[in-house]
Protein chains: 2
Amino acid sequence: MASEAEPRVAAADESFEGVTPDAARRLLLGAVDAFAERGFHATTTRDIAGRAGMSPAALYIHYKTKEELLFQISKVGHERSVSVLAEAAEGGGSDSGRLARAVRHFVRWHAEHHTTARVVQYELAALGEGHYEEIVELRRRSEEILRGVLESGDASGEFEIADIRGTTLAVMSLCIDVARWYSPSGRRTPDEIGTLYADLVLRMVAPQGDARGPGPGAGAGPR
Amino acid sequence: MASEAEPRVAAADESFEGVTPDAARRLLLGAVDAFAERGFHATTTRDIAGRAGMSPAALYIHYKTKEELLFQISKVGHERSVSVLAEAAEGGGSDSGRLARAVRHFVRWHAEHHTTARVVQYELAALGEGHYEEIVELRRRSEEILRGVLESGDASGEFEIADIRGTTLAVMSLCIDVARWYSPSGRRTPDEIGTLYADLVLRMVAPQGDARGPGPGAGAGPR
DNA sequence: GTCTATAACAGGATAGAC
DNA sequence: GTCTATCCTGTTATAGAC
């Protein structure tokens, strides 16, 4: 069933195109696929090497341990996603425009690179001690970028946000979870999801004119 | 560090109180903790048995395999979360009230039972073939319940939703992801998060009076 | 039902030839 | 740099005493 020769790496993830030499990159791409499919712990080094068309031993020329492979993926992936978010948020325009762009691009990244994103978002716990700390710092930056946009819009009155930290968390969460459920065979393209989500998020922060739902206790019913 | 005697099960998760005999329940609770902390594949049967204050062999009297433990957790957990959602959504009141209640309770469940929820939401891929199908059916039910509320509110004009399936997915996603990031040592209680999220979701679906963001290209700025 | 002991095997990582 | 062969550890699951 699973042929063990000839490189077969499904992920055409250009995030790793800077990695050299070629064998190291193939291993990284193989690891991304394997980790995304089965999780870090369930993936064997034999599997990774096989996907790269190499013997198990060859892996250790390029990476000291399996965990180092995970760390590289996590680092490059986080750097990419942070830079996508930063570029979108730092571009000009109104805060609404910046927020919509940030959400659209961040979501799109998580869908288009859902294999990488899945590893990045769901295998953090498998990182070694020092490595984990380094990654957490990158995650903190994402959150700060997004919070900056929300704060700016709230201050100018363009948004109306009761709980900025909580809303930041919710928006991040919404975007990140795309990596969990997205499938290329699903109904929507990454861009469609990004556009839909940008709209939903703008609604979340839009000032409430006055016409709020007519029903009783819309915010906090009893019980 | 890790003592191997005496039952020590952290999760006081009442979801499993119906499980008998006592040893089987302790094993299940130990497995929930272990799977949530380290993931299914990284968890050893020694660890699970140890948490239940038993020897590794004793586990196999109550469960045929490690996967069967996962299946039981997943099944009971899904049943619980579906019933929490169903009760909240089926209660009376306006559609806004029902939606707010559904989100608040569903989120609260994912926070309060974040160990169980983490296993339920993130270890699906480790389930055996037949077991996986059974669980997917339960997940489909959750989605249908939520979609029902959104459809009802949209039809009556209480909500204004452009893309019902997409919005259903987004709301589910938002709630589910709480299990990933929630920590009991965080700033917010499960109920506070539930209330915040219910408010954000109501905003997502509220009719847009007219006062939308003043900035140019709020919805879809050029690239 | 639980224990101790162990079978049977898989996986991470290394040695040394090419 | 890559391969084949292998070491060694740790894992699931079982056998048989109590």
Side-chain angles (χ1 to χ4, degrees), chain A residues 1-9 19-35 37-73 119 123 125-129 131, chain B residues 1-9 19-31 33-35 37-73 123 125-129 131:
Chain A
M1 202 62 139
S3 108
E4 281 220 325
E6 294 323 290
R8 198 84 304 258
V9 180
V19 178
T20 58
D22 186 68
R25 186 178 58 257
R26 290 202 325 267
L27 285 165
L28 218 50
L29 290 172
V32 168
D33 286 352
F35 292 164
E37 265 174 40
R38 319 149 71 99
F40 175 79
H41 290 289
T43 298
T44 67
T45 53
R46 288 166 167 78
D47 182 10
I48 296 169
R51 286 173 195 250
M54 289 159 66
S55 81
L59 188 154
Y60 292 91
I61 291 153
H62 302 283
Y63 301 95
K64 242 191 285 295
T65 64
K66 186 170 79 159
E67 189 270 345
E68 197 184 308
L69 230 16
L70 175 65
F71 175 59
Q72 286 304 325
I73 293 165
V119 178
E123 301 294 341
L127 288 168
E129 267 306 297
H131 288 165
Chain B
M1 202 59 151
S3 107
E4 279 220 327
E6 295 320 292
R8 195 85 306 261
V9 181
V19 179
T20 58
D22 186 68
R25 188 178 54 258
R26 290 201 325 266
L27 285 165
L28 219 51
L29 290 171
D33 287 352
F35 292 164
E37 267 173 39
R38 318 149 73 99
F40 175 78
H41 289 290
T43 298
T44 66
T45 53
R46 286 164 170 63
D47 183 9
I48 296 169
R51 288 174 194 249
M54 289 158 65
S55 84
L59 187 154
Y60 292 90
I61 291 152
H62 303 282
Y63 301 94
K64 240 189 286 295
T65 64
K66 188 170 77 158
E67 191 270 345
E68 198 184 307
L69 272 166
L70 175 63
F71 176 59
Q72 286 304 325
I73 293 165
E123 302 293 343
L127 287 169
E129 267 306 296
H131 288 165

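By convention in this document, chain letters (A, B, ...) are assigned in the order of the sequence lines, proteins followed by strands, and residues within each chain are numbered from 1. Basis for what follows: all heavy atoms, side chains included, without hydrogens, waters or symmetry-related copies.
- You'll find that the side chain of B:S55 is closest to C:dC3, out of C:dC3, C:dG12, D:dT12.
- For B:A57, counting side-chain heavy atoms from C-beta on, the closest listed nucleotide (D:dA13, C:dT2, C:dT4) is C:dT4.
- Note: OH (B:Y60) to P (C:dA7) measures 17 Å, nearest angstrom.
- Distance NE2 (B:H62) to C1' (D:dT12): 17 Å, rounded to an integer number of Å.
- Counting to the nearest Å, the C1' atom of C:dG11 and the CZ atom of A:F40 are 12 Å from each other.
- Atom CE in B:M54 sits roughly 15 Å away from atom P in D:dT12 (whole-Å rounding).
- The interatomic distance linking B:R46 (CZ) with D:dA13 (C1') rounds to 11 Å, in whole Å.
- For A:A58, whose side chain is taken as the heavy atoms from C-beta onward, the closest listed nucleotide among D:dA5, C:dG1, D:dT2 is D:dT2.
- Side-chain N or O atoms of A:R25 include one that pairs as donor or acceptor with a backbone N or O of A:V19 at under 3.5 Å.
- Straight-line distance from the CD1 atom of B:I61 to the P atom of C:dT2: 6 Å, rounded to whole Å.
- Heavy atoms of B:T44 sit under 4.0 angstrom from primed sugar atoms or phosphate atoms, though from no base atom.
- Checked by atom type and distance alone, the side chain of A:R26 pairs as donor or acceptor with a backbone atom of A:A52 at under 3.5 Å.
- For B:K66, the side-chain atoms get nearest to D:dT12 when compared with the rest of C:dG1, C:dA13, D:dT12.
- Within the 3.5 Å criterion, the main-chain N or O of B:A31 finds no donor-acceptor partner in the side chain of B:K66.
- In this structure, B:Y63 places its OH atom 16 Å from P of D:dT12, rounding to the nearest Å.
- The nearest pair of heavy atoms linking A:L27 to A:A49 is CD2-CA, 4.1 Å.
- If you take CZ of B:R38 and C1' of D:dG10, they are 13 Å apart, rounded to a whole angstrom.
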